[in-house]
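The next block holds one structure in the form of structure tokens; read it before the comments.
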Amino acid sequence: MAVERRSIFNTTLWTGLFIVAAGVVLLLDRAGLVHAGAIFRFWPVFLIVLGLSMAFGQKGGECCQGSAIGGGIMALWGALLLAQNFGYLTWGQIWPIVLIVIGVLMVWQSFRLKGMNLHLGGKMHPTSVFASVERTITDQNFQQGKAETVFGSIQLDFLSADIAEKAILEVAAVFGSVEIRVPSSWNVAVEATTVFGSAENKTRPPLATASPKTLTIRGEIVFGSLEIKN
């Protein structure tokens with residue numbers, strides 16, 4: 001089954017580059033060649049780059065709006081912190097801006113059509129922005145889907161669902177959490193990338209069968225959590 005992957009949003013790449021850069025700066029600081037404190041004032045640039053790559057690395061479509069919004073929020077937060085580090089803004093000015101953005105997103109979320117979160121034809125695309133979403137999937141031929149949350153939570157219950165042989169679920173959690181419950185007969189393969197987050201597979205290994213069923217979970221967890229259990 002071919003699933004289109006993001007080509008720009010690579011959390012492992014950006015996080016690795018940031019860690020390498022931080023290590024080089026600390027090494028040069030110990031050698032007396034640079035002043036680490038002055039350079040680390042630019043650390044919010046990491047959030048800006050990560051957020052922009054996440055926002056503009058999408059292929060388009062409703063199913064990608066959660067990641068785009070989360071990337072935009074992360075980039076905005078990085079820009080505000082960078083401005084604060086250089087004295088252009090104070091904490092007293094930053095928080096009203098954050099409250100305005102949160103309020104606007106909550107109003108936008110309240111006017112969204114509820115029907116577009118339903119699964120159809122073996123696919124589903126639940127999205128949560130500053131909200132909690134619970135879905136019970138009963139599709140007996142589930143094939144693929146996406147679940148995206150930004151400052152919210154998503155709970156997916158696959159206990160009444162079934163797959164023919166293999167299925168793929170892509171998740172994106174930005175300052176949010178995704179909890180997935182699967183039947184004990186399914187094998188779960190987690191290929192999610194985490195950045196300051198966690199991805200835990202708490203499922204029990206299924207008994208060996210002639211026709212094993214595997215759910216592969218891919219995606220990005222940024223300052224969030226992913227938990228899979230039976």
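The hydrophobic cluster containing L47 also contains I97, counting ILVMFWY residues as joined when their side-chain heavy atoms lie under 4.5 angstrom apart, directly or transitively. V34 and I19 fall into different hydrophobic clusters, where Ile, Leu, Val, Met, Phe, Trp and Tyr are joined by side-chain heavy atoms under 4.5 Å apart, directly or via other members. Hydrophobic clustering places I39 together with V24 (ILVMFWY residues linked when any side-chain heavy atoms are closer than 4.5 Å, directly or through intermediates). L99 is not connected to V101 by any chain of hydrophobic side-chain contacts under 4.5 Å among Ile, Leu, Val, Met, Phe, Trp and Tyr, and they are in different clusters. Clustering ILVMFWY residues whenever any of their side-chain heavy atoms sit less than 4.5 angstrom apart, transitively, puts W43 in a cluster other than the one holding L27.
Screening residues 16-42 for side-chain hydrogen bond (donor to acceptor under 3.5 Å, both in side chains) gives no qualifying pairs among residues at least two apart or on separate chains. The list of ring-ring contact (aromatic ring centres under 6.0 Å, His included) pairs with a residue in residues 189-221, not counting sequence neighbours, reads F196-F223. Pairs of residues two or more places apart, or lying in two chains, never qualify as salt bridge (Lys or Arg N to Asp or Glu O under 4.0 Å) while including a residue from residues 79-99. For residues 71-89, the set of pairs meeting the side-chain hydrogen bond (donor to acceptor under 3.5 Å, both in side chains) definition, not counting sequence neighbours, is empty. Judged as a salt bridge (Lys or Arg N to Asp or Glu O under 4.0 Å), the pairs with a partner in residues 204-216 (not counting sequence neighbours) are, in order, D162-K213.
Legend: residues meeting side chain to side chain donor-acceptor pair (under 3.5 Å) with T203, ordered by chain and number and at least two apart, are N201. The side chain to side chain donor-acceptor pair (under 3.5 Å) search around T214 returns none, not counting sequence neighbours. A search for side-chain contact (heavy atoms from CB on, under 4.5 Å) contacts involving L33 returns L28, A31, not counting sequence neighbours. In this structure, the side-chain contact (heavy atoms from CB on, under 4.5 Å) partners of F40, at least two apart in sequence or on a different chain, are A22, V25, L26, A36. Under the salt bridge (charged side-chain N to carboxylate O under 4.0 Å, His left out) criterion, E227 pairs with K202, sequence neighbours left out. Applying the side-chain contact (heavy atoms from CB on, under 4.5 Å) criterion to E134, with sequence neighbours excluded, gives Q155.
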side-chain contact (heavy atoms from CB on, under 4.5 Å) assessment of I137 paired with D157: CA-CA 6 Å; I137 295 85; D157 187 345; 5.8 Å; no
CA sep, side-chain torsions, deciding dist, call: N187, L215, side-chain contact (heavy atoms from CB on, under 4.5 Å): CA-CA 6 Å; N187 182 49; L215 174 66; over 6 Å; no
side-chain contact (heavy atoms from CB on, under 4.5 Å) between L169 and L156, intermediate numbers included: CA-CA 11 Å; L169 176 65; L156 302 177; 4.0 Å; yes
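Counting only heavy atoms from C-beta outward, the side chains of I217 and L226 approach each other to under 4.5 Å.
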For a quick test of your reading: what N or O donor-acceptor pairs under 3.5 Å do the side chains of residues 172-186 make, sequence neighbours left out?
unit_1	atom_1	unit_2	atom_2	d
E179	OE2	K229	NZ	3.4
R181	NH2	N230	O	3.4

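Between the side chain of T149 and the backbone N or O of S153 there is at least one donor-acceptor pair closer than 3.5 Å.
Between E191 and R218, at least one side-chain nitrogen of the basic residue sits less than 4.0 Å from a carboxylate oxygen of the acidic one, meeting the salt-bridge criterion.
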